[in-house]
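Report on the following structure.
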Amino acid sequence: MSRTHHPADSARMPLVEALLQYERRKPASFHVPGHKRGAAYRNDPQVASWLGAVGLYDATELPGLDDLHDPQGAIAEAERLAADAFGSKRTFFLVGGSTVGNLAMIGAVCRSGDYVLMQRNAHKSAIHALMLSQAGAVFLPPEQDRESGLYTSPSPELIDVQLSKFPGTKAVFITNPNYFGMSADLRKIAEVVHKHGKPLLVDEAHGAHFGLDPLLPESALQCGADAVVQSTHKMLPAMTMGAMLHVGSDRVDERILKRLLGMLQSSSPSYPIMASLDYARAAAAQNRGNEQGAGPFREGLDAAHYFRERLRCRAGRFRILERAPDAGYTSLDPLKIAVYDAEARLTGYQLLTMLHEQGCDAEMADERHALLIFGMNSTRSDAEHLLDALQRIGSMNLSEKQEIRLKMTNILPLWSAASTQPVFFDADGVRKPAHLEGDPVAVEIERAVGLLSAEMVVPYPPGIPLLFPGERISSETASALARYRSDGAAVQGISDKSLRSILVWAGNDI
Ligand SMILES: Cc1ncc(COP(=O)(O)O)c(C=O)c1O
């Protein structure tokens, strides 16, 4: 397949065009899907205008519409244009989010019994990938930002040491940026990993927009990553579940990736999602940002900047997480804004709820921050809306002053030590010794310290397991769970929704 490098090509949207052509023909449908080009929705006024409209384009592998699993036409061309735009050797469209990309990326380098180096604060899909591949990980503790308490990636120095200790590792898996938009020195990490002759896999779920404007951080591919997963639906305008897997070099076998994606992705992938990937690539990459100040992100960047400046000027209770010059990370995404109450009267969770009541939905919260995400299409008027909402919240009479328990100066890191040997997984979690076989038992969280969790406990968002099945419960994780309980945080995977007890594999230990 020959590459299309002409700049005018970046404006093209081959899959969008193919679907428009298909719709223009208005063919009679004698095939799936059963809504028959949206006809099923059009008599119901509740859904006619939206499901009815999308239904017109929710097609299947018809002539001219190509096949995601064996692309040779419009999808192949759309993927090729994405590879050109993002700078990959090959790009795969994903219809199951970065989740499916992580499953494939880790599966492609690990057979059963193999292991990778992985930062402990990886998304649950990375742990699930180890479980499905029956593979292992040497978990590395991330760096922790002193100012905010937020975790980033392991340092290049630690990665270097661990690669020397574990020369059998198949790859290094890093999440960059973190949910809050903090990036590590990925160039240095790539250098270290390549010095040891290993591939660098990057979960760039939150950085699909990176590298597309000089005001945005560099992308993982620009830094030298060998395979990269991006949630195009998060920071670029693709529909939910739309994501991409980019292959950066020959260190990762794209044929294995293709085979795995053929197993993991639906045999009926959604055309609206795929078309939105084609659209998002064209919208973000054509006329990309330049030093002269043009580009598709400039309005959103301006809105975020405007919000920051106005909030600073007011010098009220609400502050923005800023990157300190000596911060343990290299850049902060200007489109991510973490707001917190400098008087420590509201937790991030409470702030998120109050913003919701004021008509502004934030992305997520932790104990201290509410995270607000700006995008390509955010405007100054959105920023005004948010400023007004914060002003109203700031002037409310809160019944009682409460201290946020989490003082940034004395947070205990959840993860402080690297595993001393690879931790191997099977479908249940960490492979457990025979004496722990049998049914798990429920134990009060405060009494569970030192025991092995039998559950994947995942505060969501951000979707990073606090505990995975088979992991030993530390006093730090137990107290984090107690804090989640008192804050009313959403926690997936734990069977006791009141967060009072946890299932453990105790065998004869209790
Ligand atoms: C770091 C990280 N990786 C992967 C994912 C999964 O992405 P998706 O929701 O696109 O499947 C998420 C989702 O929030 C994430 O935060």
Side-chain angles (χ1 to χ4, degrees), residues 118-123 139-162 174-189 192 203 206-207 217-218 308 311-312 315 317-352 362-373 402-418 459 461-462 464-466 474-484 487 489:
M118 180 180 283
Q119 66 184 66
R120 173 56 187 82
N121 54 330
H123 185 255
F139 287 109
L140 306 183
E143 295 285 290
Q144 191 173 24
D145 174 43
R146 259 180 297 141
E147 181 67 18
S148 61
L150 294 168
Y151 297 100
T152 55
S153 306
S155 69
E157 293 75 25
L158 177 66
I159 294 171
D160 197 12
V161 169
Q162 294 299 314
I174 292 293
T175 305
N176 194 76
N178 70 6
Y179 214 132
F180 287 78
M182 297 166 167
S183 282
D185 189 347
L186 208 52
R187 270 187 189 271
K188 205 155 163 204
I189 292 178
V192 165
D203 176 350
H206 298 282
E218 280 189 309
R308 268 197 199 88
L311 200 68
R312 266 192 212 121
R317 283 186 40 199
F318 297 112
R319 302 276 164 79
I320 289 170
L321 174 64
E322 316 265 6
R323 193 178 86 82
D326 62 344
Y329 57 97
T330 54
S331 63
L332 187 56
D333 182 350
L335 292 171
K336 298 266 175 109
I337 301 185
V339 177
Y340 63 94
D341 179 358
E343 289 178 13
R345 294 166 74 190
L346 292 172
T347 63
Y349 302 110
Q350 288 168 319
L351 186 53
L352 178 138
E363 166 69 12
M364 71 137 168
D366 66 10
E367 289 163 295
R368 187 167 161 92
H369 313 93
L371 179 64
L372 305 155
I373 298 187
Q402 65 156 129
E403 285 296 319
I404 298 182
R405 287 165 306 287
L406 189 72
K407 286 278 173 257
M408 290 303 131
T409 45
N410 63 3
I411 346 167
L412 290 171
L414 278 174
W415 305 291
S416 48
I464 296 167
L466 180 67
S474 66
S475 54
E476 288 80 22
T477 45
S479 46
L481 259 177
R483 287 201 306 272
Y484 287 131
D487 286 332

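Residues K188 and E157 have side chains in contact (heavy-atom distance under 4.5 Å, counting atoms from C-beta outward). The shortest distance between side-chain heavy atoms of P462 and M364 falls below 4.5 Å. L311 has its side chain out of reach of I337: every pair of non-hydrogen atoms, C-beta onward, lies at least 4.5 Å apart. Between E363 and Y179 the shortest side-chain heavy-atom distance falls below 4.5 Å. At least one side-chain heavy atom of L466 sits under 4.5 Å from a side-chain heavy atom of L414. A 4.5 Å side-chain heavy-atom check between M182 and E143 finds every atom pair outside the cut-off.
Side-chain atoms of E147 never come within 3.5 Å of backbone atoms of L321 as a donor-acceptor pair (strictly under, hydrogens ignored). Looking at D333, its side chain never comes within 3.5 Å of a backbone N or O of F180 through a donor-acceptor pair. Between the S183 side chain and the T330 main chain, no donor and acceptor come within less than 3.5 Å of each other. Within the 3.5 Å criterion, the main-chain N or O of S153 finds no donor-acceptor partner in the side chain of T175. Between the side chain of Y329 and the main chain of N178, no donor-acceptor pair closer than 3.5 Å is present. Remark: side-chain polar atoms of Q144 are paired, donor with acceptor, to backbone N or O of G149 under 3.5 angstrom.
Atom CG of residue D145 and atom OH of residue Y151 lie 11.5 Å apart, to the nearest 0.5 angstrom. The OG1 atom of T152 sits 11.5 Å away from atom CG of L332, with the distance rounded to the nearest 0.5 Å. Taking CG from L186 and CG from N176, the interatomic distance works out to 4.5 Å, rounded to the nearest 0.5 Å. Separation of atoms CG (N121) and CZ (F139) is listed at 10.5 Å; rounding is to 0.5 Å.
Residue A184 comes nearest to I189 through the heavy atom pair CB-CD1, 4.2 Å, listed as atom of the first residue, atom of the second, then distance. When every heavy atom of D341 is checked against every heavy atom of L346, the shortest pair comes out as OD2-N, 2.9 Å. The nearest pair of heavy atoms linking R345 to Q350 is O-OE1, 3.9 Å. Across every non-hydrogen atom of P154 and L140, the tightest pair is CG-CB, 3.8 Å. Smallest separation of non-hydrogen atoms from K336 and R308: O-NH2, 3.6 Å. Closest of all the heavy-atom pairs between S416 and P141 is O-CG, 3.6 Å.
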Report the C-alpha separation of E367 and Y349 in whole Å, then their side-chain angles, then the decisive distance to 0.1 Å, and conclude whether the side-chain contact (heavy atoms from CB on, under 4.5 Å) test is met.
CA-CA 6 Å; E367 289 163 295; Y349 302 110; 3.9 Å; yes
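When each of L150, V339, L351 is tested with H369 by the rule side-chain contact (heavy atoms from CB on, under 4.5 Å), just one qualifies, namely L150.
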